[in-house]
K.L.:
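This structure is in structure tokens; I'll ask about it shortly.
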Amino acid sequence: AQSVSQHNHHVILSEAASLELGCNYSYGGTVNLFWYVQYPGQHLQLLLKYFSGDPLVKGIKGFEAEFIKSKFSFNLRKPSVQWSDTAEYFCAVNAGSAGNMLTFGGGTRLMVKP
Amino acid sequence: DGGITQSPKYLFRKEGQNVTLSCEQNLNHDAMYWYRQDPGQGLRLIYYSQIVNDFQKGDIAEGYSVSREKKESFPLTVTSAQKNPTAFYLCASSIGAGGTQETQYFGPGTRLLVL
């Protein structure tokens with residue numbers, strides 16, 4: 001069975017600091033990769049996704065993620081965080097054999113200090 | 001205004017009681033999902049449905065039941081057999097065309113608490 005690991009459970013940054021959240025998955029075949037974000041009191045929403053092509057994908061609000069197949073990783077990055085980025089971030093993977101089911105990581109809670 | 005609605009926002013369950021969480025979508029999506037969110041564990045799939053009158057167990061289906069009588073509705077019942085039901089429950093939907101590259105859209109969630 002596929003699994004997804006997010007090693008950073010809690011991250012605290014000051015505004016303007018750079019962000020990188022780790023995501024590793026365990027499936028060896030073709031995968032589709034997602035990052036979702038849950039702002040306080042809001043719906044879980046899609047931040048960005050990777051299906052194929054350029055391994056560096058850009059999402060909303062200045063976020064980007066890089067797919068490194070050899071490392072089974074899909075890390076999320078942002079060069080300069082803002083207080084409004086305070087949220088919980090979830091990496092999710094869909095393996096080609098799993099239909100359209102997603103496996104989620106445990107989440108990373110990001111707090112940005114103003 | 002298109003989207004997914006879940007009700008109620010908060011739900012209290014007494015010991016031995018079954019409770020039903022509502023999920024409705026007007027996105028005309030075929031596929032619908034129920035997840036349970038616990039701190040530090042991310043989202044875990046309870047049940048999913050690819051089409052009306054059909055549904056499949058997810059990773060943690062024990063103690064839960066669902067029905068899919070209408071395309072837009074996918075209610076989840078938390079039965080008395082679920083020994084640790086306190087959690088945040090999220091409903092999602094996707095187009096359901098059978099592909100693997102579908103984005104899932106989420107509702108606002110229902111928080112279930114046991115009295």
Side-chain angles (χ1 to χ4, degrees), chain A residues 1-11 21-27 29-53 57 59-60 67 87-109, chain B residues 1-7 9-10 23-25 27 29-51 54-61 74 87-111:
Chain A
Q2 56 186 343
S3 66
V4 180
S5 297
Q6 292 181 242
H7 304 294
N8 312 104
H9 298 295
H10 292 91
V11 173
L21 301 182
C23 173
N24 289 90
Y25 61 92
S26 64
Y27 185 71
T30 301
V31 291
N32 301 301
L33 301 156
F34 304 79
W35 274 98
Y36 280 85
V37 60
Q38 191 172 37
Y39 296 104
Q42 295 189 27
H43 298 206
L44 198 68
Q45 58 186 282
L46 182 70
L47 202 53
L48 49 77
K49 59 189 176 184
Y50 171 80
F51 295 157
S52 64
V57 292
I60 60 172
F67 170 52
E88 191 160 16
Y89 294 81
F90 295 94
C91 181
V93 174
N94 164 270
S97 61
N100 50 4
M101 262 58 69
L102 291 177
T103 298
F104 283 83
T108 297
R109 196 175 292 272
Chain B
D1 193 17
I4 302 174
T5 56
Q6 291 185 242
S7 62
K9 188 173 182 179
Y10 296 95
C23 177
E24 304 276 333
Q25 54 98 359
L27 300 169
H29 287 171
D30 280 314
M32 296 186 75
Y33 314 81
W34 273 106
Y35 292 91
R36 171 181 170 139
Q37 184 179 2
D38 296 281
Q41 297 191 53
L43 281 69
R44 292 180 290 166
L45 183 65
I46 304 172
Y47 268 98
Y48 63 98
S49 169
Q50 303 278 32
I51 198 167
D54 184 60
F55 48 83
Q56 306 294 330
K57 292 181 179 180
D59 299 322
I60 54 165
F74 190 41
F88 191 51
Y89 291 86
L90 288 169
C91 179
S93 71
S94 67
I95 290 176
T100 59
Q101 298 180 350
E102 295 183 5
T103 297
Q104 293 185 17
Y105 297 88
F106 287 82
T110 292
R111 190 165 297 280

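Each chain gets a letter, A, B and so on, in the order its sequence line appears, and its residues count up from 1. Since we're looking at a predicted model, the values are computed, not measured. Note: hydrogens, waters and symmetry copies are ignored here, and every other heavy atom, side chains too, is used.
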K.L.:
For B:T103, which residues count as a side chain to side chain donor-acceptor pair (under 3.5 Å) partner, sequence neighbours excluded?
P.N.:
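Listed in chain order: A:K49.
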K.L.:
What part of B:L45 lies closer than 4.5 angstrom to a heavy atom of chain A: side chain, backbone, both or neither?
P.N.:
side chain
K.L.:
Before we go on, tell me: are the rings of A:F34 and A:F51 under 6.0 Å apart, centre to centre?
P.N.:
yes
K.L.:
Which atoms of B:Q41 come close to chain A, meaning under 4.5 Å heavy atom to heavy atom: side chain ones, backbone ones, both, or neither?
P.N.:
backbone
K.L.:
Given heavy-atom pairs under 4.5 angstrom as the criterion, report whether the side chain, backbone, both or neither of A:E88 touches chain B.
P.N.:
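The side chain, not the backbone.
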K.L.:
Heavy-atom pairs under 4.5 Å with chain B are the metric here; pick the option from A:Q38, A:H10, A:R109 that has the most.
P.N.:
A:Q38
K.L.:
Show the atom names and distances, to 0.1 Å, of all donor-acceptor pairs under 3.5 Å that link a side chain in residues 40-48 of chain A to residues at least two apart or in another chain.
P.N.:
residue : atom : partner : partner atom : Å
A:H43   : ND1  : B:F106  : O            : 3.1

K.L.:
Other residues, nucleotides and ligands only: do more than 12 of their heavy atoms fall within 6.0 Å of OH on B:Y105?
P.N.:
no
